[in-house]
Amino acid sequence: MREASILLLRACLALLAMPIYLLSFLGIWQPFCKKVFFPYFLEKFSAVHERKTKKHKQELFRNLPDLKSPSGELKLLEIGTGCGANFQFYPPACKVTCSDINPHFQQALSRSMYKNQHIYYERFLVAAGEDLHQVPSGSVDAVICTLVLCSARNVDGILKEALRVLRPGGAFYFLEHVAADRSSWQYFWQQVLYPTWKLIFDGCCLTREIWKNLEAANFSELNLKHFRVELPWMPIQPHILGYAVK
């Protein structure tokens, strides 16, 4: 009965979103989404999400300075930099390599860089998190990945690359929205919204249990916390955050 209800509601939602499905069929929606809609949406959404998670991020990144190399340098790699929402939380004088599979965040990213001149921006890579061959193995102290794994093509591939580029003792920092409890009504609605949400929001998946990927990865230590972000009428309230040590 539950499965039938999900399928029926998915069909109703698809009818409401039919113009977008049609544009997708014609090959128009995806280029427009990546170049115009999603960068605009993400900048606006990031501002709201930032207000809700600021204290969580401050606590999450609090121990970044402890990862400095003996020379005093701190090298960070951010996967899925987007609009640069995390820059404000990075320690002064750290060196940041930014990467994103979508190159169309230039305007918002430039604004964030201008506001956060306390850090040094080494370079920007247009690359998927699953293939960071331009970054040498064992060359960074920390990898940061927030609100990225939900839309990754291969979550395990990103975690494998993070482990490769991290030096021994380095850490992978994450903050992601995840699937709700499977017995909850919120999970029911996540399942209903899943196909249309994924289409509209550039591959964002609502029902990923990302903590399982992190638990299965070859990190030596995993610090993980489940929490909720109060985003009324949004299906992405369940979150996880933490860091994993190589």
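Just so you know, these numbers come straight off a predicted model, no measurement behind them. Just so you know, residue 1 is the first one in the sequence shown, and it goes up from there. These values consider heavy atoms only, across backbone and side chains, with no hydrogens, waters or symmetry-generated copies.
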Check your understanding: Taking the side chain as C-beta and beyond, is there a heavy-atom pair between L222 and V245 under 4.5 Å?
Key -> no

Check your understanding: Nearest heavy-atom pair of Y21 and P195: which atoms, and what distance?
Key -> OH-C, 3.8 Å

Check your understanding: Heavy atoms, side chains only, cut-off 4.5 Å: are V165 and P136 in contact?
Key -> no

Exercise for review: Could you label the plane-to-plane angle of the F105 and F38 rings as parallel, tilted or perpendicular, counting under 30° as parallel and over 60° as perpendicular?
Suggested key: perpendicular

Check your understanding: What's the verdict on side chain to side chain contact (heavy atoms under 4.5 Å, CB included) for K75 and S139, showing C-alpha distance, side-chain angles and the deciding distance?
Key -> CA-CA 8 Å; K75 293 186 176 183; S139 63; over 6 Å; no

Review point. For the residue pair F172 and F219, does the interplanar ring angle fall in the parallel (under 30°), tilted (30 to 60°) or perpendicular (over 60°) class?
Key: parallel

Review point. Taking R208 for the side chain and C150 for the main chain, is one N or O donor matched with an acceptor at less than 3.5 Å?
Key: yes

Practice item. Please report the C-alpha distance between L109 and F124 in whole Å, then the side-chain angles of each, then the deciding distance to 0.1 Å, and finally whether the side chain to side chain contact (heavy atoms under 4.5 Å, CB included) criterion is met. Key: CA-CA 11 Å; L109 187 61; F124 184 92; 3.6 Å; yes

Review point. Would you call K68-D141 a salt bridge at under 4.0 Å N-O?
Key: no

Review point. For the side chain of H239 and the backbone of I236, is there at least one donor-acceptor N/O pair under 3.5 Å apart?
Key: yes

Point to revise | Charged N-O contact under 4.0 Å between R182 and E209 | key: yes

**Study point:** Y194 vs W197, ring-ring contact (aromatic ring centres under 6.0 Å, His included): CA-CA, chis, key distance, verdict
**Key:** CA-CA 5 Å; Y194 178 91; W197 183 278; over 10 Å; no

Review point. For S99, does its backbone N or O pair with a side-chain atom of R123 as donor and acceptor, under 3.5 Å?
Key: no

Revision key, fill the gap. Here the gap from S151 atom OG to F201 atom CZ, rounded to the nearest 0.5 Å, amounts to 12.5 Å

Check your understanding: Within a strict 4.5 Å, meaning less than it, do heavy atoms of the V140 and L76 side chains meet?
Key -> no

**Study point:** Sole candidate of E59, K54, R62 that passes side-chain contact (heavy atoms from CB on, under 4.5 Å) when paired with F89
**Key:** K54

Check your understanding: In terms of the angle between their ring planes, are F32 and F37 parallel, tilted or perpendicular, with boundaries placed at 30° and 60°?
Key -> parallel

Practice item. Determine, stepwise, if the pair E50 / K57 fulfils salt bridge (Lys or Arg N to Asp or Glu O under 4.0 Å). Key: CA-CA 9 Å; E50 198 59 49; K57 284 190 175 183; 3.2 Å; yes

Point to revise | Charged N-O contact under 4.0 Å between E43 and R111 | key: yes

Exercise for review: Would you give the length of the straight line joining atom CD of E161 to atom CG of L77, rounded to the nearest 0.5 angstrom?
Suggested key: 9.5 Å

Check your understanding: Any chance CZ of F227 has more than 12 other-residue heavy atoms, nucleotides or ligands included, within less than 6.0 Å?
Key -> yes

Review point. Hey, any chance L60 and V229 share a hydrophobic cluster, counting ILVMFWY side chains that come within less than 4.5 Å of each other, even indirectly?
Key: yes

Check your understanding: Got Q134 and L125 here, is their nearest side-chain heavy-atom distance under 4.5 Å?
Key -> yes

**Study point:** Donor-acceptor pair between S24 and Q30 side chains, under 3.5 angstrom
**Key:** yes

**Study point:** Minimal non-hydrogen separation, L159 against N213, with atom names
**Key:** CD1-O, 3.6 Å

Point to revise | Within-4.5 Å side-chain heavy-atom neighbours: L224 and L214 | key: yes

**Study point:** Main-chain N/O of G129 paired to R153 side chain as donor or acceptor, under 3.5 Å
**Key:** no

Point to revise | No-hydrogen, no-angle side-chain donor-acceptor test under 3.5 Å, Y173 and N63 | key: yes

Review point. Do the non-hydrogen side-chain atoms of L22 and P19 ever get within less than 4.5 Å of each other?
Key: no

**Study point:** Stepwise side chain to side chain contact (heavy atoms under 4.5 Å, CB included) test for Q191 and E3
**Key:** CA-CA 9 Å; Q191 289 178 293; E3 288 75 16; over 6 Å; no

Practice item. May I ask you to say whether E215 pairs ionically with K212, meaning some side-chain N is under 4.0 Å from a carboxylate O? Key: no

**Study point:** Check: K246 and R167 side chains under 4.5 Å, non-hydrogen atoms
**Key:** no

Check your understanding: If only atom types and distance count, is the side chain of E176 paired as donor or acceptor with the main-chain N or O of V148 below 3.5 Å?
Key -> yes

Point to revise | Donor-acceptor under 3.5 Å (S184 side chain, A180 main chain) | key: no

Review point. Are the side chain of S112 and the backbone N or O of C83 linked by a donor-acceptor pair below 3.5 Å?
Key: yes

Review point. Roughly how far, to the nearest 0.5 Å, is the CD1 atom of I20 from the OG1 atom of T196?
Key: 8.5 Å

Check your understanding: Are F45 and L231 close enough, and set up right, to give a side chain to side chain contact (heavy atoms under 4.5 Å, CB included), and what steps lead you there?
Key -> CA-CA 10 Å; F45 172 75; L231 297 166; 4.3 Å; yes

**Study point:** Within-4.5 Å side-chain heavy-atom neighbours: L147 and H49
**Key:** yes

Review point. For C98, does its backbone N or O pair with a side-chain atom of E78 as donor and acceptor, under 3.5 Å?
Key: no

Point to revise | Donor-acceptor contact present, side-chain E122 to main-chain V96, <3.5 Å | key: no

**Study point:** side-chain contact (heavy atoms from CB on, under 4.5 Å) partner of T146, chosen from L175, T81, L241
**Key:** L175

**Study point:** Donor-acceptor under 3.5 Å (D100 side chain, G82 main chain)
**Key:** yes

